[in-house]
Amino acid sequence: MAKITVTVNGTEQVMDIEPSLLLVELLREKLRLTGTHVGCDTSQCGACTVLIDGSAVKSCTVLAVQADGAEITTVEGLAKDGELHPIQRAFSAEHALQCGFCTPGLMITAIDLLERKGAPTDADIRHAIKGNLCRCTGYHNIVSAIRSAATEMRGATTPMKVGAEVKR
Amino acid sequence: MITHPFTYAAPTTIDEAVKALGRSRDAKVLAGGHSLIPLMKLGLAEPELLVDIGRIASLREIKSEDGAIVVGALATHRSIADSSTIGKALTALAEAAAAVGDLQVRSRGTIGGSLAHADPAADEPAPTLAFDATIRVIGPKGRRDIPAREFFKETFETALGPNEIVVEIRFPAPAGHAGSAYAKFPHPASGFAIVGVAALVAVKSDGTIDRAAIGVTGAAAGPFRATAAERALVGTRGDASAIGAAAAKAAEGVTMLADLTASSEFRKQLVMVHTRRALERALERARG
Amino acid sequence: MHFEGTADIGAPRERVWEFVTDAQRVSRCGPDVQRVDVIDATHFKVVARAGVGAIRTTFALDVVFTELRAPEHAAVRARGHAPGSALEMTNTLDLADAAPGRTTLRWASEVTVSGMIASVGARLMQGAADKVTQQVFACIKEQLDSPAART
Amino acid sequence: MTTATPSTYIGARTPRKEDPRLIRGSGVFTDDVTLPGMVYVSLVRSPHAHARIRRIDAAAARKEPGVVTVVTGKDAEATGVLPVFITVPGMNGSKHMPLASDRARYAGDAIAAVVADTHKAAKRAADMVTIDYEPLPVVVDATKALEPGAPILHEELGTNLVFTYPVKGGDIDKAFRDAEATVKLHIVNQRLIPNAMEPRSVVAKFEAGELTVWSSTQIPHFVQLILSVNLGLSQNKVRVIAPEVGGGFGSKLQVYAEELLIAHLAKTLGRPVKWTEDRREAYLATIHGRDLVEDVEVAAKRDGTILGVRIRTVANVGAYLQAFAPGIPTILHAFIIPGAYRIPAFDCEVRGAYTNTTPVDAYRGAGRPEATFAIERAMDRLADEIGMDPAELRRKNFVPPDAFPFTTISGITYDSGDYGPALDRALAMADYKGFEKRRAEAKARGKHRGIGLSSYVEICGLAPSKANSALGVGWGGYESARIRVHPTGAVQVFTGTSPHGQGHETSWAQIAADAIGVSPDDIEVRHGDTFESPGMGVGTFGSRSLAVGGIAVHNAAQKIREKVIQIGAHLLEASPADVVVEGGKVFVKGVPEKAKAFGEISMAAYLASNLPDGMEPGLEATTYYDPPNFTFPFGTHVAEVEVDPETGTIEIIRYSACDDCGRQINPMIVEGQLHGGITQGIGQALYETAVYDANGQLLSGSMMEYHVPTAADVPPFALDHTVTLTKTNPLGVKGIGEAGTIASTPAVVNAVIDALSPLGIKHIDMPLTAEKVWQAIRKAGEARR
């Protein structure tokens with residue numbers, strides 16, 4: 001067993017865990033944050049994407065012990081004080097989700113992109129979300145949603161910050 | 001899910017890490033984990049001990065030092081792709097790092113992990129070879145510097161000795177009017193390189209090619225230097241016919257891999273085409 | 001998967017034959033062999049951890065000599081399993097006299113993997129299997145070439 | 001309540017009611033359900049594609065820490081056999097048990113179930129179950145499986161032939177005698193893996209004699225029915241819940257082995273049980289799609305008039321027949337091959353074959369993509385043969401608008417259609433006329449550019465119970481709805497459909513809102529719980545939900561409206577003929593200021609003190625809707641591609657589509673269905689294929705090898721539509737869930753072949769991977785040298 005401290009969606013968690021526990025298992029099984037999904041075994045689908053210290057990462061390919069000391073943001077942590085994140089609003093407004101299974105991972109990856117590139121082209125967006133598979137939408141509306149969230153985030157008076165700044 | 005139990009150590013210095021590795025016959029270094037963890041999930045790797053070097057902060061650095069660019073083993077693909085130091089001097093490395101997997105994998109996967117794992121379809125071995133980088137490793141017997149050409153063996157094997165850890169990769173900054181580029185044909189599903197070619201060229205003031213180095217990954221059991229193509233290029237003016245003739249030699253003498261996605265004959269074609277494309281872009285930059 | 005190769009061994013044919021048909025000795029050339037149980041002269045069980053680099057998995061194999069024509073030809077069939085996978089391997093070995101005191105060992109190996117390794121690990125396993133097979137025969141050569149083995 | 005006028009909501013781009021929970025991550029999928037005392041199952045699956053099971057040794061697994069039990073086929077016989085819902089004449093059915101006990105027939109066939117306190121313990125112990133297999137000869141290819149001497153999968157049948165299914169009409173011999181031009185094509189419609197993003201999952205608990213099952217399914221009512229019959233439980237004691245379901249595409253249109261098994265284990269162990277497949281299991285043991293080979297011949301006059309189509313098909317059903325498998329290459333494929341064309345003679349024969357591969361069943365489009373691919377590729381080959389423009393050839397043979405209702409040569413009746421305008425619009429969007437200039441410009445850059453189209457008609461709204469029955473479908477095709485208006489006026493709609501991304505909560509609310517006269521905001525649509533919905537629901541598949549389930553909602557809502565008007569008229573002392581319900585208000589026409597609120601009417605219905613004489617109290621309606629016919633959406637899609645001759649890489653430059661699904665309830669959802677469908681069809685055309693080796697090993701067994709399209713693989717889509725109402729149902733709606741998949745595959749392949757036709761290339765089998773295209777170009781180059 002290993003003792004770790006992680007901050008998940010702003011709340012510090014101290015836990016004793018098996019080293020073989022994956023971060024996604026910690027989130028889903030120990031913390032019951034089931035908005036982060038598992039869609040494949042091989043790091044392709046991106047359904048498990050979360051932010052670790054501000055970077056989008058596949059939580060099925062990270063040991064929970066590796067996240068010791070990190071700040072993690074999951075889909076449950078995107079809305080602040082009941083206010084949806086612009087990406088959440090955009091996904092709904094642009095009909096960028098159907099079954100909704102891949103949606104949390106896609107929104108998280110989009111946030112990583114938009115935090116670093118305020119005005120991405122459609123090609124930038126498509127390239128950035130290559131690691132997130134969606135079988136329902138054909139991506140057309142997802143691209144529109146990310147584009148429209150970019151516009152909103154650029155126009156926002158205070159820049160949106162999700163998770164922490166990169167520390168390492 | 002990882003079903004097999006293992007012991008975990010998270011040292012904060014390289015010395016501690018080397019010592020920790022000595023505690024088990026079956027220990028593995030964990031860097032970003034993006035090669036190792038997928039294998040462990042599939043049950044295709046079952047190390048008894050994982051030594052996580054992720055807490056050794058010094059290994060994340062990218063810096064210029066004595067005419068070389070030194071990339072720490074824990075530099076992520078993403079930090080390499082985004083680094084202006086690398087982008088300017090080692091364009092092919094930046095492009096190769098940007099071509100790894102996807103955004104999430106690049107956020108976490110490291111160059112040291114990738115080189116040590118030596119997947120024959122990994123991207124970064126190609127520029128590592130083309131730039132004649134040196135891989136610095138530290139082990140129980142101390143430090144040694146392994147030239148890239150000696151580092152890579154075949155499929156998943158390197159010159160790393162027991163309990164040695166890759167700590168940094170030293171890329172000599174190309175001198176003179178040099179330019180480089182990486183051209184890749186990715187596996188459509190996994191994103192690994194079916195073929196990846198890193199080309200570095202330097203031109204003299206009269207426009208003739210002074211130096212050419214071509215590293216190829218994905219195509220064979222291990223990454224290789226396309227030496228026949230390099231030789232064919234040096235001394236030419238790098239016009240279309242010279243580049244074409246050189247590219248045609250890029251797979252010379254190398255046994256090409258074959259799999260569901262690409263036969264050996266298609267791989268050979270891709271090596272030639274991507275060598276030409278990498279050379280064209282590299283030359284354009286060299287003449288820049 | 002099919003692999004084949006030739007080894008030029010610095011030992012006479014009889015000694016090579018003796019070695020390659022001796023379960024205990026030849027097994028030592030297997031990758032990371034953890035246990036060998038000899039059932040009878042032509043049948044033995046092996047537990048080995050096979051792999052290359054970080055890739056490594058444990059196989060439990062039933063090995064049978066299906067053909068023995070001393071000292072020139074042998075065929076060995078190995079059947080077994082690894083977690084979620086099955087493996088069947090047929091090896092043929094042909095010995096021929098080379099220069100005096102030297103033997104040419106021609107080997108061919110037909111490997112069929114089923115289950116997880118076939119469906120998920122194909123990209124990784126082809127190269128690894130080739131490598132492991134090469135290593136086994138390199139080891140046989142080395143064992144027989146080395147002066148220690150001549151005692 | 002907001003004000004509105006009738007038919008305000010139908011046709012609006014109403015944001016989805018489903019979204020708020022899904023974008024917050026609070027939607028509950030089956031694997032998110034965790035119950036106290038729950039145990040977990042890991043299945044031991046055969047690594048061999050065909051093997052006799054000589055002995056199963058689970059002693060070591062049983063001793064592992066945390067293991068509760070290990071169950072094999074003999075222990076689980078109480079689950080009964082897996083159901084098949086369709087029977088075609090002369091069919092050789094297979095006996096399919098949740099756990100195979102004597103023989104494994106495909107790599108992935110489940111042999112044993114390990115139950116443990118944790119998922120990890122179960123998985124670890126599963127590796128310790130030792131099974132002594134005797135490998136048997138394997139057959140993977142359906143055509144080979146039908147040859148003499150092929151290994152037989154089901155010995156009791158003595159053959160691998162599942163069925164021979166003929167569909168004929170007209171004089172085919174005369175058609176070929178009179179032909180001035182003929183073309184022949186051999187088509188491989190490759191096997192696909194559905195890859196719903198959510199892996200399948202089942203959770204079951206048995207408490208106080210009541211079984212509750214959560215399952216990632218498209219058909220909760222069928223699951224409930226089969227569980228109750230097979231496990232010997234009274235149906236009112238079996239509750240099946242399909243919570244959030246993460247995509248299905250037909251792959252969750254089954255009663256699966258695991259559903260029976262997990263329910264059985266919960267019942268026998270008395271503890272809640274969970275099983276969730278990993279992606280590898282999804283590849284092996286969740287149904288695959290397509291996999292048929294066809295030989296198509298077309299007879300025509302030189303002016304392009306088609307005289308006849310002959311087609312011979314061999315369909316691979318895999319190792320066992322799954323629920324709907326017999327109906328897909330037959331009913332849904334053979335009948336629709338004539339497509340949008342008036343074809344005087346037709347001769348089709350489909351044979352099905354068992355092979356040592358994962359069972360094949362419905363995958364998005366199910367039969368219709370195969371049919372459309374066959375006819376649309378044949379049209380392009382014919383156009384090429386007679387030197388006619390492919391668009392003109394199609395137009396010439398279209399069923400003309402004045403011919404409807406039109407009975408095709410295969411014997412089905414299209415109620416309405418107008419194919420020309422959709423073709424015209426699609427061509428205009430694609431700038432078809434300007435294409436040759438773009439081809440020349442690409443050539444100057446060293447690229448081959450091509451344009452391809454596909455005009456389709458599909459059969460959907462899979463419903464009419466009598467027609468279904470005549471075709472061998474063992475269950476009615478109606479759909480149900482129940483609307484409950486609470487005393488306060490809150491409206492709940494319970495539907496028998498079971499969406500998994502299609503947005504029924506939104507569209508059904510729009511339909512009910514218009515019919516009742518309230519706002520969709522005041523309507524809650526509930527689905528996927530057999531204890532809430534009407535007695536029987538059929539489910540969501542075959543683009544049927546709207547044209548059947550949506551109409552059931554409409555009809556139930558009409559009943560509510562009628563009763564509201566009756567009560568309103570009574571309270572307002574007016575004639576019912578003069579009373580209207582609008583914007584949540586009930587009033588006499590022209591006197592809106594004296595309105596009763598909708599809630600006052602519903603309250604009156606329950607107070608029951610002042611109702612018209614003889615009226616029952618309450619405000620609730622249940623309907624079952626069984627339509628008179630199927631529906632037949634249609635359209636034309638146009639793809640434009642560029643091929644890099646050096647690498648064989650294809651880029652889709654432009655994609656334009658004009659579809660006609662009748663009235664659109666929510667155009668935003670219609671477009672979303674098209675985008676996703678088109679992408680799946682592109683996947684088949686260019687990227688996706690399940691590859692088996694000769695030993696029956698699935699080599700493309702993970703997302704590392706099997707290429708599910710990414711955002712970088714597909715272009716943006718330009719969509720337009722025409723509206724030709726169907727007369728089959730009161731809303732004139734048809735269905736759009738599968739149209740994109742049906743239309744896009746041939747459009748893309750036709751475009752690539754068009755790009756390469758200057759090189760003399762006539763056909764490349766799907767998927768058109770880089771290497772296949774490069775090899776074709778190279779061979780064409782050699783041939784011309």
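In what follows, chains are A, B, ... by sequence order, proteins preceding strands, each numbered from 1. Note that the structure is predicted; figures quoted are calculated from it, not measured.
Side-chain contact between D:Lys120 and A:Glu25 is present, with heavy atoms from C-beta onward closer than 4.5 Å. Counting heavy atoms from C-beta outward, D:Arg279 and A:Thr42 have side chains that stay 4.5 Å or more apart. You'll find the side chain of D:Asp278 reaches within 4.5 Å of the side chain of A:Asp41, heavy atoms only. Contact of the D:Pro199 side chain with the A:Phe101 side chain is registered, since non-hydrogen atoms from C-beta on lie closer than 4.5 Å. In this structure, D:Asp19 and A:Leu97 have side chains that are in contact, with non-hydrogen atoms separated by less than 4.5 Å.
Look at A:Glu94 and D:Arg16 and you find no salt bridge, because none of the NZ, NE, NH1 or NH2 atoms lies under 4.0 Å from a carboxylate O. Using a cut-off of 4.0 Å between Lys/Arg side-chain N and Asp/Glu carboxylate O, A:Arg28 and D:Asp32 are scored as salt-bridged.
Contact annotation for A:Ala79: only side-chain heavy atoms (C-beta onward) come within less than 4.5 Å of a heavy atom of chain D. Of the two parts of D:Ser702, only the side chain, counted from C-beta on, holds a non-hydrogen atom closer than 4.5 Å to a non-hydrogen atom of chain A. Using a 4.5 Å cut-off between heavy atoms, A:Leu21 contacts chain D through its backbone alone, with no side-chain atom that close. When heavy atoms are compared at a cutoff of 4.5 Å, D:Asp713 does not approach chain A at all. The contact between D:Ile669 and chain A is made by backbone and side chain atoms together, counting heavy-atom distances below 4.5 Å. Heavy atoms of D:Gln673 lying under 4.5 Å from chain A belong to its backbone as well as its side chain. Interface residue A:Ser20: backbone and side-chain heavy atoms are both found under 4.5 Å from chain D. With a 4.5 angstrom heavy-atom cutoff, D:Tyr283 does not touch chain A via any of its atoms. Using a 4.5 Å cut-off between heavy atoms, D:Pro194 contacts chain A through its backbone alone, with no side-chain atom that close. Contact annotation for D:Glu198: both backbone and side-chain heavy atoms come within less than 4.5 Å of a heavy atom of chain A. Proximity to chain A involves both the backbone and the side chain of D:Val714, based on heavy atoms less than 4.5 angstrom apart. Contact annotation for D:Thr34: both backbone and side-chain heavy atoms come within less than 4.5 Å of a heavy atom of chain A. Using a 4.5 Å cut-off between heavy atoms, D:Pro20 does not touch chain A at all.
Highest contact tally toward chain D, considering only A:Ala93, A:Ala123, A:Cys136, A:Ser43, is held by A:Cys136 [criterion: heavy-atom pairs under 4.5 Å]. Ranked by heavy-atom pairs under 4.5 Å with chain D, the first of A:Arg89, A:Glu29, A:His95, A:Arg32 is A:His95. Most heavy-atom pairs under 4.5 Å with chain A, from the set D:Thr679, D:Leu22, D:Ile23: that is D:Ile23. By number of non-hydrogen pairs under 4.5 angstrom with chain D, the leading residue of A:Arg135, A:Gln98, A:Gln44 is A:Arg135. Among the candidates D:Gly25, D:Gly676, D:Ala711, D:Pro716, the residue making the largest number of heavy-atom pairs closer than 4.5 Å to chain A is D:Ala711. Note: A:Cys99 leads A:Gly138, A:Cys134, A:Cys99 in heavy-atom pairs under 4.5 Å with chain D.
Taking each heavy atom of A:Cys45 and D:Met197 in turn, the nearest pair found is CB-CE, 3.5 Å.
The backbone N or O of D:Pro709 sits less than 3.5 Å from a side-chain atom of A:Tyr139, completing a donor-acceptor pair.
For A:Arg126 and D:Thr710, the side-chain atoms include no donor-acceptor pair closer than 3.5 Å.
A distance of 9.0 Å separates SG in A:Cys40 from CE in D:Met704, rounded to the nearest 0.5 Å. Atom CD of D:Glu671 sits about 13.5 Å away from atom OG1 of A:Thr137, to the nearest 0.5 Å.
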- For A:Leu84 and D:Arg24, what are the C-alpha separation, side-chain angles and deciding distance, and is it a side-chain contact (heavy atoms from CB on, under 4.5 Å)? CA-CA 8 Å; A:Leu84 291 174; D:Arg24 288 173 186 270; 3.5 Å; yes
- May I have the step-by-step check of side-chain contact (heavy atoms from CB on, under 4.5 Å) for D:His675 and A:Asn141, ending in yes or no? CA-CA 8 Å; D:His675 295 153; A:Asn141 290 347; 3.3 Å; yes
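Ring geometry for D:Phe717 against A:His140 counts as parallel: the plane angle stays under 30°, on a 0 to 90° scale with 60° as the upper cut.
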